[in-house]
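A quick write-up on the structure given underneath.
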Amino acid sequence: MQYNIRKKKLYENYGWPDNYTDHSFLEELRKNIKPNSVTIDEAINLAASISTQLSMVILFVIIFIWLNNEWITPNVIFVSSTFLTVVGYVRYIIKTCKVFEKISKDLRTVLIFLTFGYILSSVLKTLTETISTDTIYTMTVFMFLIHLIFSKYDSTNISISESLSITSSIFGSLMLTSRLSTPLHAFSLLTVAVQCFVLLPFLLSKLNYKLFLSISLLFGTLFMMWQISPILSCVFITITVFVHFICPLWYIKWQKYKENIYGPWDEAVIDS
């Protein structure tokens, strides 16, 4: 009897039971015929995206602490963040087509945000004043955890999960603004939130190599955190080094243990 006449056709019956296999069943078994090896540069670049998002969340919380403790004025925060945003926007606009049309549209958006953001900052400040501070802090931590979980670290497109990530981070930022002393403090913190959690993903989508941005944020976050707690700064350095370098090296090392098998059980693929 010939066993190799079986074909990959649904509903074609040769008179054998459904669970029948012959000695030729595993002859088509192949291993690792579609290798997807990740280089060390690609692994570190992806780790840099994760480190960037983590640094932005921590940096935003530190800015809130500085503003709440009156260690820095909201004017300094607004001017500094605006300068960094302009630098990032120039880097973003370089790779964009129809530059002048894009700039004019973005300027209108910025003017609308500054106008309504400043007018509504007093409302945003009093929006959650009746809620206890412990509840505000707990909900903020929860929102930022959602932001970190659903961020699209390896995608250049804004998907549903990325929209959920942005929404949760902005919602957490709005809750923190109610704990600041003046509407100007609230407006400056809200501006930083938009720059960190809305504009930054668009900049990251244009960067092919994110290591420089990640290291810059690392030093900036470390400088401001050291004023609050040197112990937390050491913990932050340890976590960042682990995510940034140790995890990619482990991933590259363990790639050789990964095996993908292909055989007659695979789904049919249209070969055009």
Go through the steps for Cys196 and Leu59 under the test side-chain contact (heavy atoms from CB on, under 4.5 Å), then give the verdict. CA-CA 9 Å; Cys196 293; Leu59 182 61; 5.7 Å; no
The test is side-chain contact (heavy atoms from CB on, under 4.5 Å); show your working for Thr177 and Phe64 and say whether it passes. CA-CA 8 Å; Thr177 58; Phe64 164 75; over 6 Å; no
Run the side-chain contact (heavy atoms from CB on, under 4.5 Å) check on Leu200 and Leu213 step by step: do they pass? CA-CA 11 Å; Leu200 183 64; Leu213 177 61; 4.1 Å; yes
Evaluation steps, side-chain contact (heavy atoms from CB on, under 4.5 Å), between Leu67 and Ile72: CA-CA 6 Å; Leu67 286 172; Ile72 195 170; 4.0 Å; yes
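Using modelled atom types, one side-chain atom of Ser81 and one backbone atom of Phe78 make a donor-acceptor pair closer than 3.5 Å. A donor-acceptor distance shorter than 3.5 angstrom exists from the side chain of Thr109 to the backbone of Lys105, with no hydrogens or angles considered.
When the shell of 6.0 Å around OH of Tyr137 is examined, it contains more than 12 heavy atoms from other residues, nucleotides or ligands. No more than 12 heavy atoms of other residues, nucleotides or ligands sit less than 6.0 Å from atom CD1 of Ile231.
If you look at Trp226 and Phe236, their ring centroids are not closer than 6.0 Å.
Connection of Leu84 to Met224 is not established within any shared hydrophobic cluster, with ILVMFWY side chains joined at heavy-atom distances below 4.5 Å, either directly or through further cluster members. Hydrophobic clustering of Ile, Leu, Val, Met, Phe, Trp and Tyr side chains at less than 4.5 Å, counting indirect connections, unites Val57 with Leu232. Trp71 and Val76 fall within the same hydrophobic cluster, where Ile, Leu, Val, Met, Phe, Trp and Tyr residues are linked whenever their side-chain heavy atoms come under 4.5 Å apart, directly or through other members. The hydrophobic clustering, which links ILVMFWY residues whose side-chain heavy atoms are closer than 4.5 Å, places Leu174 and Val198 together. Ile63 and Val79 are not part of a single hydrophobic cluster, where members link through side-chain heavy atoms under 4.5 Å apart.
In this structure, CE on Met143 lies 4.0 Å from CD1 on Ile146, to the nearest 0.5 angstrom. Rounding to the nearest 0.5 Å places CG of Leu222 at 10.5 Å from CD1 of Ile58.
Between Phe197 and Phe144, the ring-plane angle classifies as tilted under the 30° and 60° cut-offs.
Using a 4.5 Å heavy-atom cutoff, the side chains of Trp250 and Phe242 are in contact.
Residues Ser55 and Thr221 bring no donor and acceptor atom of their side chains to less than 3.5 Å of each other.
Pairs passing the ring-ring contact (aromatic ring centres under 6.0 Å, His included) check and including a residue from residues 107-130, sequence neighbours excluded, read Tyr118-Phe187.
Summarising the hydrophobic clusters (Ile, Leu, Val, Met, Phe, Trp, Tyr; side-chain heavy atoms under 4.5 Å, direct or chained), the residues clustered with Val141 are Leu145.
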